[in-house]
Amino acid sequence: MPKNKFQDVVFTAIMATVMVYGMVVYNVALNMGKVTEATFLAAVHELPVMVPVAFILEFFVVGRIARGLAFTVMKPDDRQQFITYAISICICCIMCPIMSLVATILFKETKTFGTWIQTWAMNFPMAICYQMFYCGPFVRLIFRTIFRNETEEEKKTKIIEEPDAAC
């Protein structure tokens with residue numbers, strides 16, 4: 001979806017924020033044993049730490065690795081939608097254990113290997129479902145809305161430059 005570095009930064013920032021907030025809400029709810037208004041407020045307090053960590057990891061490391069992994073099962077000429085899904089799944093498979101480790105170190109009372117594995121195991125199904133069914137489509141909608149004018153201008157320019165393509 002992003003067509004240049006600026007768009008990639010914007011997309012990654014939005015995705016990291018929405019994904020982290022949803023997962024932190026989930027973890028706070030697990031810790032509290034229920035979901036209340038306080039759950040959503042408590043999650044906001046972890047964002048200044050977790051969003052930058054997620055952004056840096058995804059933008060500089062995980063995104064490249066995930067694309068490489070996704071293209072071990074996908075071909076560049078496959079449907080773009082399926083390539084997007086494959087990359088999203090690969091990102092979750094890499095980010096979930098890493099972010100669970102960061103959360104275990106920063107926010108859990110017991111900082112053991114077992115606590116990290118349990119945190120990872122509890123987060124992984126939620127991360128995949130949240131990414132595939134809610135967060136991913138929502139962030140792509142936001143991104144398309146923000147960059148709609150550029151996309152429409154690109155199409156108009158392409159039609160003007162390549163008149164045969166429009167016919």
Item to complete: Check each of Thr115, Asn27, Asn123, Thr119 against Ser100 using the side-chain hydrogen bond (donor to acceptor under 3.5 Å, both in side chains) test, and report the only one that passes.
Response: Asn123
Practice prompt. Walk me through it: do Trp116 and Lys111 pass the test side-chain contact (heavy atoms from CB on, under 4.5 Å)?
Written response: CA-CA 7 Å; Trp116 169 56; Lys111 299 167 187 347; over 6 Å; no
Item to complete: Look at atom CD of Glu37 and say whether more than 12 heavy atoms of other residues, nucleotides or ligands are closer to it than 6.0 Å.
Response: no
Worksheet entry | Test log, rule ring-ring contact (aromatic ring centres under 6.0 Å, His included), inputs Phe55 and Phe59 | CA-CA 6 Å; Phe55 176 85; Phe59 191 79; 5.4 Å; yes
Discussion item. Under 4.5 Å between side-chain heavy atoms, counting indirect links through other Ile/Leu/Val/Met/Phe/Trp/Tyr residues: same cluster for Tyr85 and Leu141 or not?
Written reply: no
Practice prompt. Taking the side chain as every heavy atom from C-beta outward, state whether Val28 and Glu46 have any atom pair closer than 4.5 Å.
Written response: yes
Practice prompt. Decide yes or no for Pro2 and Phe147: does some side-chain heavy atom of the first lie under 4.5 Å from some side-chain heavy atom of the second?
Written response: no
Fill in: Donor-acceptor under 3.5 Å (Tyr21 side chain, Phe40 main chain)
yes
Worksheet entry | Atom pair CZ/SG of Phe124 and Cys129 - distance to nearest 0.5 Å | 9.5 Å
Fill in: Phe113 side chain reached by Thr104 side chain, heavy atoms, under 4.5 Å
no
Practice prompt. Calculate, to the nearest 0.5 Å, the distance between atoms CE and CE belonging to Met50 and Met23 respectively.
Written response: 9.5 Å
Practice prompt. Under the side-chain contact (heavy atoms from CB on, under 4.5 Å) rule, what do Met15 and Ile142 come out as? Steps first, then yes or no, please.
Written response: CA-CA 10 Å; Met15 182 64 78; Ile142 292 170; over 6 Å; no
Item to complete: Apply the test side-chain contact (heavy atoms from CB on, under 4.5 Å) to residues Ile14 and Ile146: give CA-CA distance (whole Å), side-chain angles for both, the deciding distance (0.1 Å), then the verdict.
Response: CA-CA 11 Å; Ile14 297 168; Ile146 292 170; 3.8 Å; yes
Practice prompt. Locate the shortest heavy-atom distance separating Pro97 from Trp120; write the atom from each residue and the value.
Written response: CB-CE2, 3.4 Å
Worksheet entry | Cluster overlap Val25 with Leu106, hydrophobic side-chain contacts below 4.5 Å | yes
Fill in: Pair Val10-Gln7, side-chain contact (heavy atoms from CB on, under 4.5 Å): steps then yes or no
CA-CA 5 Å; Val10 171; Gln7 288 183 2; 5.6 Å; no
Worksheet item: CD1 of Ile91 to CZ of Arg67: how many Å apart, nearest 0.5 Å?
Response: 6.0 Å
Worksheet item: Any donor-acceptor pair under 3.5 Å linking the side chain of Tyr26 with the backbone of Ala127?
Response: no
Item to complete: May I ask you to decide if Ala38's main-chain N or O and Thr36's side chain share a donor-acceptor pair within less than 3.5 Å?
Response: yes
Worksheet entry | Identified side-chain contact (heavy atoms from CB on, under 4.5 Å) partner of Cys92 from the options Met99, Gln131, Met132, Met126 | Gln131
Worksheet item: Distance from Ile87 atom CD1 to Met1 atom CE, nearest 0.5 Å?
Response: 12.0 Å
Practice prompt. Report yes or no: do Met32 and Leu47 belong to one cluster of Ile/Leu/Val/Met/Phe/Trp/Tyr joined by side chain heavy-atom distances under 4.5 Å?
Written response: yes
Discussion item. I need the Ile94 CD1 to Ile89 CD1 distance, nearest 0.5 Å.
Written reply: 12.0 Å
Worksheet item: In Å and rounded to the nearest 0.5 Å, what is the OG1 to CG distance from Thr39 to Asn31?
Response: 10.0 Å
Practice prompt. Kindly give the heavy-atom pair with the smallest separation between Val49 and Pro52, and that separation in Å.
Written response: O-CD, 3.4 Å
